[in-house]
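Below is one structure, written out as structure tokens; the observations come after it.
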Amino acid sequence: MRSTRKGTAILLRFLLKRDRVRIPVFVLALVLITCMTAMALSNLYSTSESRQIMAETMVNPAMTAMLGKGYGLDNYTIGAMMAHQMLLFTAIAMAIMNILLVARHTRADEEEGRIELIRSLPTGRLANLYATLTLAVFTNLFIGIVTGLGLFLLGIESINLEGSLLYGTALGVTGFFFATITAIFAQLSENARGTIGFSFTVLGVSYLLRAIGDIGNEALSMASPLGWILSSEVLVTNKWWPIIITFIVSLLIMVIACVLYSRRDLGAGLLPTRPGKRKASTSLLSPFGLSLRLQRTGLISWAIGMFLLGASYGSVLGDLDSFFVENDMFQQLLNPENGHSLTEQFLTMIMSILAMISTIPALMSVNKLIAEEKKGRIDHLLSKKLSRNRLLGSAFLLSVITSLIMVSLTAIGLWTAGNMSMENGMDLWNVYSAALVYLPAVWLVIGLGILVIGMFPKATIVGWIYLMYSFFVVYLGNLLEFPKWLSGISPYGHIPELLIEEMRYLPVSILFLLAIVFVITGFIGYNKRDIQA
């Protein structure tokens, strides 16, 4: 064991230096968002009456599917509200961060030849994996402590020290669990793309199992690690045993990952790879066909996931509609100006969220070109009779098609399940058009990605930051009563909500024109700049 971990401390310092910007930025963003949300909830719902009204709005299948089962709804304190509305989404953010961190320092480094170089030095066989998982442990522990203490120091009455520390611990344990899951897939898959894809699949399945289980079958919730975390009833009864069980399971998974790593060849994956065809397909002769082939598995996985995500929300619409009809308080809360039901208003919020999630695979498709450039593969393509416009145009076209497919599948999934669960059903075109109207906003984010590729190739994180900002202000804007101009910075904040209002062509046209400007500028910059490996 001593020989396998030789050099772990040196590699850990090396990884800390590589992530000296990424990790602090993520920690600062997560802690600030968490503390700001707690303060905003405390200011907005200062009376028990206002909190109980909010609790009533949470007791319906749709909100349960989205946020998780509510605890302490009979006495909806700020602490209970904070845990109910924020714990799941911050836990998902922790999972995503850990998946990307572990994949980057294990399979991605191995794929690019860094691990082979390190192993040629006097280092242990498992030193890099040990260093990566140790980094994940320290990062999650630090986030958990800072988040917990930050919540407690706000001085909110219902957010005590134990509940605050449990909130932070739940986040840290969730992150560590998905770090170990990613370490497993880093041994099974032979490339970083597969590692990340499998890990995100586990995260998506965990969310769906928890959503379905919280609505009906509780056993399904207990099959999901996210369900374990939420069952701790943070800031309500503060149960520690689900967190301890999750941590123990994570340790077991970590041991399995180390054993698998010690038994495989460097550069290979334990899952058998399918031999390729003797003759390449004619589609591979074009840059578009090559891009599609490289991203085929990931795009198919995203397509299935988006359809299931839309269907999961559609499946609760029948219960949601009957809940609103039978609840007198909701009848009083209907907006008298437009006369639309809360079900329709809920659907408009879901449409914006699904549109932003649909942007993720489209933006990933665009950024794939930069990833290939960094690995030195673009040089070979451009040495042939291939123009830069055609190469970048192929990536852009694939991302646009991807966005159209993803948005369409979410709308179709939502309509299919909703039509089966609701007595009166829904009109397909109304649902589909309400989803398609978000495409200009999605294309603007894609255009920003093209602009960054052409002008600032090292700043691809800008697109992700903009998308995260959009999700934050659009999703939490009404809840936290943000100023209008904050949501105006996001393109999704300008899209008309067709289910409850008329079409507004001016803002949609402006977004479309801005997307075109971004794309043209990106193409000009890509033709002028150097290709960097």
Side-chain angles (χ1 to χ4, degrees), residues 7-8 10-23 96-136 139 179 181-200 257-258 260-262 264-271 273 276 287 290-291 293-298 363-383 391 395 452-453 456-461 463-464 530-533:
T8 300
I10 299 175
L11 284 174
L12 178 59
R13 291 199 299 270
F14 174 61
L15 297 183
L16 281 169
K17 186 175 181 179
R18 289 178 60 189
D19 285 346
R20 63 186 181 274
V21 176
R22 287 189 181 95
I23 292 178
I96 293 174
M97 186 273 290
N98 279 270
I99 289 173
L100 298 178
L101 183 146
V102 174
R104 181 170 61 253
H105 292 313
T106 54
R107 179 52 71 175
D109 280 351
E110 189 170 336
E111 192 176 359
E112 294 179 5
R114 294 194 184 109
I115 304 301
E116 185 177 2
L117 178 62
I118 291 172
R119 289 276 293 276
S120 67
L121 302 171
T123 57
R125 181 178 180 87
L126 301 178
N128 185 73
L129 183 60
Y130 286 156
T132 301
L133 292 176
T134 303
L135 176 63
T139 302
I181 286 291
T182 308
I184 286 281
F185 288 123
Q187 317 315 317
L188 299 180
S189 177
E190 64 174 2
N191 53 57
R193 185 172 64 253
T195 301
I196 295 174
F198 286 131
S199 302
F200 274 114
C258 293
L260 293 178
Y261 188 41
S262 66
R264 71 173 178 86
D265 294 330
L266 187 66
L270 294 175
L271 290 178
T273 56
L290 178 61
S291 298
R293 177 63 184 85
L294 291 174
Q295 303 178 53
R296 182 180 62 184
T297 303
L363 192 56
M364 290 174 63
S365 179
V366 168
N367 290 337
K368 179 67 176 175
L369 187 62
I370 283 291
E372 296 296 311
E373 180 179 340
K374 290 179 179 179
K375 295 175 182 177
R377 296 169 181 166
I378 298 299
D379 304 55
H380 176 70
L381 293 176
L382 293 178
S383 66
L391 180 62
V452 170
I453 290 175
F456 316 101
K458 294 183 178 180
T460 52
I461 194 174
W464 296 114
D530 293 333
I531 298 298
Q532 303 172 354

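Along the sequence shown, the residues carry numbers beginning at 1.
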Can you measure from [atom1] ([X]) to [atom2] ([Y]) and round to the nearest 0.5 angstrom?
{"X": "R104", "Y": "E112", "atom1": "CZ", "atom2": "CD", "result": "11.0 Å"}
{"X": "L11", "Y": "L16", "atom1": "CG", "atom2": "CG", "result": "11.0 Å"}
{"X": "H105", "Y": "N128", "atom1": "NE2", "atom2": "CG", "result": "9.0 Å"}
{"X": "F198", "Y": "I184", "atom1": "CZ", "atom2": "CD1", "result": "13.0 Å"}
{"X": "F200", "Y": "L100", "atom1": "CZ", "atom2": "CG", "result": "4.5 Å"}
{"X": "I118", "Y": "R114", "atom1": "CD1", "atom2": "CZ", "result": "8.5 Å"}

Handout entry: Candidates R107, E190, Q187, E111 - the one meeting side-chain contact (heavy atoms from CB on, under 4.5 Å) with T195
Key =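 One option only clears the test, and that one is R107.
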If I compare all heavy atoms of [X] with all of [Y], which pair ends up nearest, and what's the gap?
{"X": "R22", "Y": "R18", "value": "NH1-O, 3.8 Å"}
{"X": "A257", "Y": "L129", "value": "O-CD2, 3.9 Å"}
{"X": "H380", "Y": "S383", "value": "O-OG, 2.5 Å"}
{"X": "I196", "Y": "A103", "value": "CG1-CB, 3.6 Å"}
{"X": "L126", "Y": "S262", "value": "CD2-N, 3.9 Å"}
{"X": "G194", "Y": "S189", "value": "CA-OG, 3.4 Å"}

Exercise for the section: Please assess I370 against V452 for the test side-chain contact (heavy atoms from CB on, under 4.5 Å), listing each intermediate value before the final yes or no. Expected result: CA-CA 10 Å; I370 283 291; V452 170; over 6 Å; no
Between [X] and [Y], is any pair of side-chain heavy atoms under 4.5 Å apart?
{"X": "N98", "Y": "T182", "result": "no"}
{"X": "L15", "Y": "D19", "result": "no"}
{"X": "T106", "Y": "E110", "result": "no"}
{"X": "L290", "Y": "L381", "result": "yes"}
{"X": "W464", "Y": "M364", "result": "yes"}

[X], [atom1]: over 12 other non-hydrogen atoms inside 6.0 angstrom:
{"X": "I461", "atom1": "CD1", "answer": "no"}
{"X": "E116", "atom1": "CD", "answer": "no"}
{"X": "R264", "atom1": "CZ", "answer": "yes"}

Problem - Check against side-chain contact (heavy atoms from CB on, under 4.5 Å), D109 and T132 - result: CA-CA 11 Å; D109 280 351; T132 301; over 6 Å; no
Handout entry: With R377 via side chain to side chain donor-acceptor pair (under 3.5 Å) - residues at least two apart
Key =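 R377: side chain to side chain donor-acceptor pair (under 3.5 Å) contacts with E372.
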Exercise for the section: Only counting residues at least two apart or in another chain, list the ones meeting side chain to side chain donor-acceptor pair (under 3.5 Å) with N191. Expected result: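 So N191 forms no side chain to side chain donor-acceptor pair (under 3.5 Å) with any residue.
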